[in-house]
Amino acid sequence: MGLAIECRGLRKTYDGKVEALRGLDLEIREGECFGLLGPNGAGKTTAIEILEGLLSATSGEVRILGRTWQSHPRELREWLGVSLQETRLAEKLTVRETIELFASFYRQPRSAHEVLAELELTEKSDAWVGKLSGGQRQRLAVATALVANPRILFLDEPTTGLDPQSRRQLWDIIREFQRAGGTVLLTTHYMDEAERLCDRLAIIDYGQIIAGGSPAELIERLGGQHMVEFAIDGTSSHESAKGTTNGKHTQEIWRSLPGVESVHADNGLVCLTVRQPHVTIPALLEAVSQQGARLLHLTTRQASLEDVFVRLTGRHLREES
């Protein structure tokens, strides 16, 4: 399988001072759905715009399907479908007129009728864009990318703000495009979306890739397959995880429990990364009892990509850098 996208040593500096990208290396195979994840300000959008040919890199090399933007700009634009984070469309055009307008930009576009049917917009074909719901507008934005008959589809946070049903409709559209042999580069803040759609992904922070692999591989590298989250009385979660309870250093108490790989505080809870919750939980209950504390909350769940990100960067995906 060949490479759809390849970049080496990609750097972007604004005004000679702000480094948005710091030597980004990336390989995306043909036919896969690849996710680029990271907090706001990490460099995702800068990287995407350079790959799309919308922005020039300060240094580094980019190859799309073996071509460069310097040598084959027209050819690459025919091969790419782009749905930006926010797509502004003419509100007084109908849905069909919008698709036909975008189709006119390409030499071998798909038919407007076919794309409207695929995106479930046929019933809205004569409606003004300004009258569409949020989910319909987002599907129309993806339709303007798909009408190009692209080989690579760039989707920058395509489901932000959509209701669950609209999100899943777009997931089905993305999967269908991939099944037909297309390549997808996706950015998203929804971890369930990345886990369901992406064959591989990379986490970017401060302009560099800090981890990459399949969702399952990244979760395995976390050091455990499960999270045990709890709270006890008499102290805050931060004190429970890193401070003291009744003068005892509880961080070492939790860390010493059998099967515990790591300990951190999150959203009012103490979080333990573990491999065998059925071994850790009885020992945890015994440790809480020995401290004379009372358990206020206890849950266990599968480790997620969100846990991976917090472990790697100490920040949640929705936080500003």
Side-chain angles (χ1 to χ4, degrees), residues 4-5 26 28 31-38 40 44-55 64-65 69 76-91 93-106 109-112 114-121 124-125 129-130 132-190 193-194 196-199 201:
I5 298 173
L26 193 63
I28 300 174
E32 75 175 338
C33 181
F34 190 94
L36 193 60
L37 311 180
N40 296 326
K44 300 188 307 297
T45 298
T46 297
I48 291 288
E49 289 182 351
I50 291 173
L51 296 177
E52 292 169 342
L54 300 176
L55 191 66
I64 309 293
L65 295 167
W69 282 107
L76 289 181
R77 288 190 178 94
E78 292 285 337
W79 289 347
L80 304 187
V82 177
S83 180
L84 301 175
Q85 193 169 353
E86 185 177 356
T87 302
R88 298 290 182 89
L89 300 171
E91 299 205 347
L93 288 181
T94 67
V95 169
R96 182 182 301 279
E97 288 169 341
T98 301
I99 297 297
E100 290 174 345
L101 173 64
F102 275 79
S104 71
F105 301 153
Y106 300 93
R110 297 174 61 186
S111 74
E114 178 185 354
V115 173
L116 287 171
E118 183 176 326
L119 276 293
E120 299 183 16
L121 289 169
K124 293 291 182 178
S125 60
V129 171
L132 299 180
S133 68
Q136 291 163 351
R137 280 175 177 260
Q138 198 71 342
R139 293 207 306 276
L140 178 58
V142 175
T144 62
L146 288 176
V147 77
N149 198 19
R151 294 175 61 180
I152 302 176
L153 188 59
F154 287 87
L155 299 174
D156 193 2
E157 299 185 24
T159 64
T160 297
L162 297 187
D163 62 82
Q165 182 180 4
S166 296
R167 286 181 65 205
R168 280 162 177 76
Q169 285 177 324
L170 273 179
W171 290 359
D172 290 340
I173 292 163
I174 293 168
R175 291 189 185 103
E176 187 60 35
F177 175 79
Q178 190 184 1
R179 279 194 289 267
T183 303
V184 180
L185 177 55
L186 172 77
T187 71
T188 181
H189 276 147
Y190 297 115
E193 186 164 271
R196 287 171 183 255
L197 293 179
C198 296
D199 302 300
L201 51 86

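Under the 4.5 Å side-chain criterion, counting only non-hydrogen atoms from C-beta, Thr144 is in contact with Ile99. A heavy-atom distance below 4.5 Å is found between the side chains of His189 and Asn40. Counting heavy atoms from C-beta outward, Phe102 and Leu89 have side chains that approach closer than 4.5 Å. Looking only at side-chain heavy atoms (C-beta outward), Phe34 and Leu26 come within less than 4.5 Å of each other. When side chains are defined from C-beta on, Val95 does not count as touching Gln136, because their heavy atoms never get closer than 4.5 Å.
To the nearest 0.5 Å, atoms CD (Glu91) and OG1 (Thr98) are separated by 10.5 Å. We find the CD1-CG distance between Ile5 and Leu185 to be 5.0 Å, quoted to the nearest 0.5 Å. Leu201 CG to Ile28 CD1: the interatomic distance, rounded to the nearest 0.5 Å, is 11.0 Å. Thr87 OG1 to Gln138 CD: the interatomic distance, rounded to the nearest 0.5 Å, is 6.5 Å. Interatomic distance, CD of Glu120 versus OG of Ser166, reported as 10.0 Å (0.5 Å rounding). Distance CG/Leu140 to OG/Ser125: 11.5 Å, rounded to 0.5 Å.
Shown here for Leu162 and Gly135, the closest heavy-atom pair between the two residues is CD2-CA, 3.6 Å. Considering every non-hydrogen atom in both Gln178 and Asp199, the closest pair reads NE2-OD2, 2.6 Å. Residues Leu80 and Leu51 approach most closely at CD1-O, 4.4 Å, considering heavy atoms. Counting all heavy atoms, side chain and backbone alike, Trp69 lies closest to Glu52 at CZ2-O, 3.0 Å. Heavy atoms only, all atoms of each residue included: Arg77 and Gly53 are closest at NH2-O, 4.4 Å. Among all heavy-atom pairs drawn from Lys44 and Leu37, the shortest one is CD-C, 3.6 Å.
Taking 4.0 Å as the cut-off between side-chain N and carboxylate O, Glu118 and Arg139 do not count as a salt-bridged pair.
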Distance-only donor-acceptor pairs under 3.5 Å for side chains of residues 146-158, two or more places apart:
| from | atom 1 | to | atom 2 | distance (Å) |
| --- | --- | --- | --- | --- |
| Asp156 | OD1 | Thr187 | OG1 | 2.4 |
| Glu157 | OE1 | Gln85 | NE2 | 3.3 |
| Glu157 | OE1 | Thr160 | OG1 | 3.4 |

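Within the structure, salt bridge (charged side-chain N to carboxylate O under 4.0 Å, His left out) contacts touching residues 174-190 (residues at least two apart or in different chains) are Asp172-Arg175, Glu176-Arg179.
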Next item on the list: Might you work through the side-chain contact (heavy atoms from CB on, under 4.5 Å) test for Leu54 and Leu84, ending with a clear yes or no?
Entry: CA-CA 11 Å; Leu54 300 176; Leu84 301 175; 4.3 Å; yes

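Looking only at distances, no side-chain donor or acceptor of Glu32 sits under 3.5 Å from a matching main-chain atom of Val184.
Using modelled atom types, one finds a donor on one side chain and an acceptor on the other under 3.5 Å when comparing Glu193 with Thr159.
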